[in-house]
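Down below is the structure, laid out as structure tokens.
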Amino acid sequence: MATKFYYQAGGTLKKDFPGYVFRKADHDLLENLEAGRFCYVLTARQMGKSSLKVRCIKSLQDQGHNCVDIDITSIGSRNIDAERWYFSILEQIAEDLDIEDEFLDWWEENTLLTPVARMSAFWLDVVLPSVSGRIIIFLDEIDSLLSLDPNNFSTDDFFGAVRSLYNNRAKRPELERLNFCIIGVAIPDDLMADPSRTPFNIGTPINLENLSPSEAAPLEQGLEDKEAPASDILQEIMYWTNGQPYLTQRLCLEAAKIPIADPKKEVKALVDLLFLHPEKIDQDSNLANVRRRFLGIPEHAEQMILTYDRIVRGKKVPVDLRRREQ
């Protein structure tokens, strides 16, 4: 096997990528979406959210379900009002479901409705009558909604409309065929100001954790041509990365390129070269993003640094994701 094609550091992995690592989240997301539950994957960057989504879509499509994959950033956030935003997202959904003509006619016939009301009616008037089978809508990069002007766009209205679709299943059984998966870098409290309208308290969170040693074990396949045992090399890589997906893939990718006889010594040298050398910060997308997060949120920088310092010194920090510095 060509090891250089077995690992990928950063970016969305293709659905058939050989080095994809299956985690508990793969099973949880697929199982809950098949059961018709609203799901959300909200976690930090470089944790494999989009790759998880791609694999899940393939599994659902293999079972005959209709999947729509929308990247919210493709709609834009500058100088856009609610009318254009809702039209843009619904037009993309209609195009993916091959019902664009029906949608355009229907949109023009319902101009008196508010944009939110049109989105709510869109599913019952256009999508469900035109598309058979189950329909799962994946909305990725959902945190880009936070860049929209709150004077022109209400995230509470959008998520409130999603929640209403679930609440109305009892009255409209056909809505059971429609489901949503929300993906992004945010916490529910960021996205919703009104907790009474949020769909997140009726949905299922999918926890995307670091790779466990057993989950990461297949990555040994790209390290089997070394003098040292592949299991020893991967164990040393996991020691440094604690299974963080991007860091693990990056170290495996670089380890695959060099001879390794002493995993402790040579993996440590790679860590120093790739992550700890000051000149490497701008060359590594993950490190550069971490620096931007610190410098780009000055009002939280001090607390972020203090929290980080406590962790480095081995102190326990209770998790509270309502605290923005965490």
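Source: prediction; values computed, not measured.
No donor-acceptor distance shorter than 3.5 angstrom exists from the side chain of S154 to the backbone of P150, with no hydrogens or angles considered. A donor-acceptor pair is defined here as one N or O able to donate and one able to accept, closer than 3.5 Å; no such pair exists between the side chain of Y40 and the backbone of T204. Looking only at distances, a side-chain donor or acceptor of N168 sits under 3.5 Å from a matching main-chain atom of S164. No side-chain donor-acceptor contact under 3.5 Å links S130 to the backbone of V127. Counting only distance, with no hydrogens or angles, the side chain of E141 and the backbone of S144 share no donor-acceptor pair below 3.5 Å. For the pair R45 (side chain) and V185 (backbone), a donor-acceptor distance under 3.5 Å is absent. A donor-acceptor pair under 3.5 Å is formed between the side chain of D156 and the backbone N or O of A193. Panel note: side chain D190, backbone A186; no donor-acceptor pair is recorded below 3.5 Å. Although no hydrogens or angles enter the test, the distance criterion places no donor-acceptor pair under 3.5 Å between the side chain of D143 and the main chain of G184. Within the 3.5 Å criterion, the main-chain N or O of G222 finds a donor-acceptor partner in the side chain of Y7.
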Inset, instruction - Mind running side chain to side chain contact (heavy atoms under 4.5 Å, CB included) on L274 and E254 for me, showing each step along the way? - result: CA-CA 9 Å; L274 296 172; E254 299 304 322; 3.5 Å; yes
Inset, instruction - Would you please test N179 and Y166 for side-chain hydrogen bond (donor to acceptor under 3.5 Å, both in side chains) and show each step? - result: CA-CA 9 Å; N179 201 5; Y166 287 84; 2.4 Å; yes
Inset, instruction - Before giving the answer on side chain to side chain contact (heavy atoms under 4.5 Å, CB included), spell out for I70 and V68 the whole-Å C-alpha distance, their side-chain angles and the decisive distance to 0.1 Å. - result: CA-CA 6 Å; I70 301 294; V68 177; 3.8 Å; yes
Inset, instruction - Check the pair K264 / K268 against side chain to side chain contact (heavy atoms under 4.5 Å, CB included), numbers first and verdict last. - result: CA-CA 6 Å; K264 286 186 178 295; K268 170 63 165 61; over 6 Å; no
Inset, instruction - List the steps, then state whether side chain to side chain contact (heavy atoms under 4.5 Å, CB included) holds for W240 with L247. - result: CA-CA 9 Å; W240 284 102; L247 296 176; over 6 Å; no
Legend entry - Residue pair R197, D157: steps toward the salt bridge (charged side-chain N to carboxylate O under 4.0 Å, His left out) verdict: CA-CA 8 Å; R197 302 177 65 192; D157 284 349; 3.1 Å; yes
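No salt bridge links R55 with D26; every basic N to acidic carboxylate O contact stays at or beyond 4.0 Å. Looking at E215 and R23, no side-chain N of the basic residue comes within less than 4.0 Å of a carboxylate O on the acidic one, giving no salt bridge. Between K226 and E266, no side-chain nitrogen of the basic residue sits less than 4.0 Å from a carboxylate oxygen of the acidic one, so the salt-bridge criterion is not met.
Minimum interatomic distance between C39 and N32 (heavy atoms only, all atoms of both residues): SG-CB, 3.4 Å. Nearest heavy atoms, G48 versus L208: C-CD2, 3.8 Å. Considering every non-hydrogen atom in both L234 and A217, the closest pair reads CD2-CA, 3.9 Å. The shortest heavy-atom contact between R177 and G133 is NH1-O, 2.7 Å. The minimum heavy-atom distance between E224 and E220, with the atom names listed, is CG-O, 3.3 Å. The two residues G203 and P205 come nearest to each other via the heavy atoms O-CD, 3.7 Å.
When the side chains of ILVMFWY residues are joined at heavy-atom separations under 4.5 Å, either directly or via intervening members, L42 and V54 end up in two distinct hydrophobic clusters. Taking hydrophobic clusters as Ile, Leu, Val, Met, Phe, Trp and Tyr residues chained together by side-chain heavy-atom distances below 4.5 Å, I311 does not share a cluster with M47. Under a hydrophobic clustering in which Ile, Leu, Val, Met, Phe, Trp and Tyr are joined whenever their side-chain heavy atoms come within less than 4.5 Å, directly or via other members, Y20 and L60 fall into the same cluster. In the hydrophobic clustering of this structure, Y246 groups with L223; members are Ile, Leu, Val, Met, Phe, Trp, Tyr whose side-chain heavy atoms approach within less than 4.5 Å, directly or through other members. Note on V317 and I305: separate hydrophobic clusters, where clusters join Ile, Leu, Val, Met, Phe, Trp and Tyr whose side-chain heavy atoms are under 4.5 Å apart, directly or indirectly.
The closest side-chain heavy-atom distance from R169 to E174 is not below 4.5 Å. Using a 4.5 Å cut-off on side-chain heavy atoms (C-beta onward), I142 and L191 make contact. Under the 4.5 Å side-chain criterion, counting only non-hydrogen atoms from C-beta, I135 is in contact with L128. At least one side-chain heavy atom of C56 sits under 4.5 Å from a side-chain heavy atom of F138. In this structure, R134 and N66 have side chains that are not in contact, with every pair of non-hydrogen atoms separated by 4.5 Å or more. Taking the side chain as every heavy atom from C-beta outward, F275 and L270 never approach each other to under 4.5 Å. Residues D140 and I72 form no side-chain contact, since every pair of their non-hydrogen atoms from C-beta on lies 4.5 Å or further apart. In this structure, the side chains of N201 and T198 come closer than 4.5 Å at one or more pairs of heavy atoms.
Distance OH/Y239 to CG/L251: 13.0 Å, rounded to 0.5 Å. Between the CD atom of E31 and the CD atom of E34 there is a distance of 8.0 Å, given to the nearest 0.5 Å. Once rounded to the nearest 0.5 Å, the distance linking CD1 of I136 with CD1 of I57 reads 9.0 Å. Rounding to the nearest 0.5 angstrom, the gap separating the NZ atom in K49 from the SG atom in C181 is 12.0 Å. With rounding to the nearest 0.5 Å, the separation of CD1 in I137 from CG in L33 is 11.5 Å. Here the straight-line distance linking atom CG of L52 with atom CG of D28 works out to 9.5 Å at 0.5 Å rounding.
At a cut-off of 3.5 Å, with distance as the only test, a side-chain donor of T241 or T248 sits close to an acceptor on the other residue.
Aromatic ring pairs are classed by plane angle as parallel below 30°, tilted from 30° to 60° and perpendicular above 60°; the pair F153 and F158 is tilted.
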Enumerate donor-acceptor pairs with a distance under 3.5 Å from any side-chain N or O in residues 91-112 to protein atoms, sequence neighbours excluded.
from: Q92; atom 1: NE2; to: S74; atom 2: OG; distance (Å): 3.3
from: W106; atom 1: NE1; to: D125; atom 2: OD2; distance (Å): 3.2
from: N110; atom 1: ND2; to: W106; atom 2: O; distance (Å): 2.7

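The ring-ring contact (aromatic ring centres under 6.0 Å, His included) test with F180 is passed by exactly one of W123, F159, F38: W123.
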